[in-house]
Amino acid sequence: MDYNVNNEGFYGEFGGAYIPEILYSNVENLKNNYLRIIDDDDFKVEFDSLMRDYVGRPSPLYFAKRLSDKYRTRIYLKREDLNHTGAHKINNTVGQILLAQRMGKTRIIAETGAGQHGLATATVCALKGLKCIVYMGETDVARQQLNVRKMKMLGAEVRPVSSGNKTLKDATNEAIRDWCCNPSDTHYIIGSTVGPHPYPDMVTRFQSIISKEIKSQLSEKEGRNYPDYLIACVGGGSNAAGSFYHYLNDTRVKLIGVEAAGLGIDTGKTAATIHLGKRGIIHGSRTFVMQDEDGQITEPYSVSAGLDYPGIGPVHANLFVTQRAEYLAVTDGEALDAALELTQLEGIIPALESSHALAVFGKKKFKPDDVIVLTLSGRGDKDMEILDC
Ligand SMILES: *Cc1c(COP(=O)(O)O)cnc(C)c1O
């Protein structure tokens, strides 16, 4: 079985490009050019050098000794929290800004939830001197003030969105609307493995640097280039997809994705899309969607703004139905406990999103000689208001 996207843009039955007519030529243009551009030598040289000298890659693979002792297993953390701007999002925005430039685009739009993707987009727009507009739900604007201030300082315009429950889904709707009105000069930098084909595949490729590095770092530290388990949190699914990419067809490696249960998957206040979602279409992609009986998208909830999304990348929908990966749901409370635990055992303050992945150790038993790599997708600075109480 091949778990990658096929020529039509599908992962099994999921994915595709369900878009309004007006966006057709933009998406088609991207689809016809992205592979050629990112395989180009000139692109590779610039991408690699920015990854190294600007983002600070390779990110370390850190053996977490005290955490490993506590859970009687062997835990490595892939330190995406140490990247410039504090999360994995920058890997993708660097890739997409280089792509946008090569496609002659001059105006960049983005949606953001926690603000990490908006921040990473505003950052690369400053780097390249391109105009940047970031759509962000009003709820998220209020709970992620630090990132809003950074985006503004970087020269981006932050447009608050007041529809729906004023979070990521609503910001995404507005960004798509903007793209419809400005199809020729604008590139839409989507921040996760969601949206119409080719976005899920394109974002996965830019994030796949995570598993490429894990391979060589594990060889060095363990004498073999694969772990027994990979664990990552899943919002739209990009840090997980990047962590899984080079191991997708290596079934010695068990894959675990962790989604946000919010107050609990049965409480109605949740973002556990894999557990609760039904097949549907969201933001141009056929996948699992949290929806009511009439097919109306239901409002997701998580303490973590980066996981508060009612859809899931089509690659993960397929990994779930084929049982290639296992998906667990972690509550707000479990994630907060795991954040405090990592902080006090290892001296690392994790993002709330990443804390959901860390909570797996309290829910699932591993063997003493299992080698586990957990992707620490981001750092906790942006979440201090919530973490520190
Ligand atoms: C955005 C974000 C996530 C969730 O996005 P994915 O696309 O699922 O990776 C996870 N962790 C952090 C730190 C984020 O900023």
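One-based numbering, in listed order, for ligands and for the atoms of each. Computed from heavy atoms alone, side chains included, the values below leave out hydrogens, waters and symmetry copies.
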For this session: Following the transitive rule for hydrophobic clusters with a side-chain heavy-atom cut-off under 4.5 Å over Ile, Leu, Val, Met, Phe, Trp and Tyr, establish whether Tyr309 and Leu328 coincide in one cluster.
Result: no
Exercise. Do any N/O atoms on Gly236 end up under 3.5 angstrom from N/O atoms on ligand 1?
Worked result: yes
Problem set entry | Lys/Arg N to Asp/Glu carboxylate O, Glu353 vs Lys382, below 4.0 Å | yes
For this session: For atom 12 (C) of ligand 1, grab the closest protein heavy atom and report residue, atom and distance to one decimal in Å.
Result: Ser377 OG, 3.5 Å
Problem set entry | Heavy-atom nearest neighbour of atom 14 (C) of ligand 1 within options Gln207, Lys89, Glu353 | Lys89
Exercise. Applying the side chain to side chain contact (heavy atoms under 4.5 Å, CB included) test to Lys78, which of Ser243, Ser59, Pro60 qualifies?
Worked result: Ser59
Exercise. If only atom types and distance count, is the side chain of Gln144 paired as donor or acceptor with the main-chain N or O of Gly113 below 3.5 Å?
Worked result: no
Seminar exercise, completed: Under 4.0 Å from one or more heavy atoms of Gln116, ligand 1 contributes atoms 15 (O)
Exercise. Any nitrogen or oxygen of Gly235, main chain or side chain, under 3.5 Å from a nitrogen or oxygen of ligand 1?
Worked result: yes
Seminar exercise, completed: Ranked by distance from atom 7 (O) of ligand 1, the top protein heavy atom is Ser192 OG, 2.5 Å
Seminar exercise, completed: ligand 1 to Val234, heavy atom cutoff 4.0 Å, flagged ligand atoms 8 (O)
Seminar exercise, completed: Under 4.0 Å from one or more heavy atoms of Gly306, ligand 1 contributes atoms 4 (C)
For this session: Give a yes or no answer on whether the side chain of Gln291 reaches the backbone of Lys278 with a donor-acceptor pair at less than 3.5 Å.
Result: yes
Exercise. With only distance considered, is Ser354 within less than 3.5 Å of ligand 1 through an N or O on each side?
Worked result: no
Seminar exercise, completed: Checking heavy atoms under 4.0 Å, the part of His88 that sits near ligand 1 is side chain
For this session: Verify the neighbour count for atom NZ of Lys44: are there more than 12 heavy atoms of other residues, nucleotides or ligands below 6.0 Å?
Result: yes
Problem set entry | Contact atoms of ligand 1, heavy-atom distance to Gly378 under 4.0 Å | 13 (C)
For this session: Using a strict cut-off of less than 4.0 Å between a Lys/Arg side-chain nitrogen and an Asp/Glu carboxylate oxygen, indicate whether Arg36 and Asp40 qualify as a salt bridge.
Result: no
Exercise. Are any of the side-chain nitrogens in Arg107 or Asp178 under 4.0 Å away from the carboxylate oxygens of its partner?
Worked result: yes
For this session: Provide the number and element of each atom of ligand 1 under 4.0 Å from a heavy atom of Ser238.
Result: 6 (P), 7 (O), 8 (O), 9 (O)
Exercise. Can you say whether the rings of Tyr188 and Tyr199 are parallel (under 30°), tilted (30 to 60°) or perpendicular (over 60°)?
Worked result: tilted
Exercise. Against heavy atoms of Ala351, which atoms of ligand 1 measure under 4.0 Å?
Worked result: 13 (C)
For this session: Could you list which atoms of ligand 1 come closer than 4.0 Å to a heavy atom of Gly237?
Result: 6 (P), 7 (O), 8 (O)
For this session: Report the part of Thr193 (side chain from C-beta onward, or backbone N, CA, C, O) that has a heavy atom under 4.0 Å from ligand 1; answer both or neither where that applies.
Result: neither
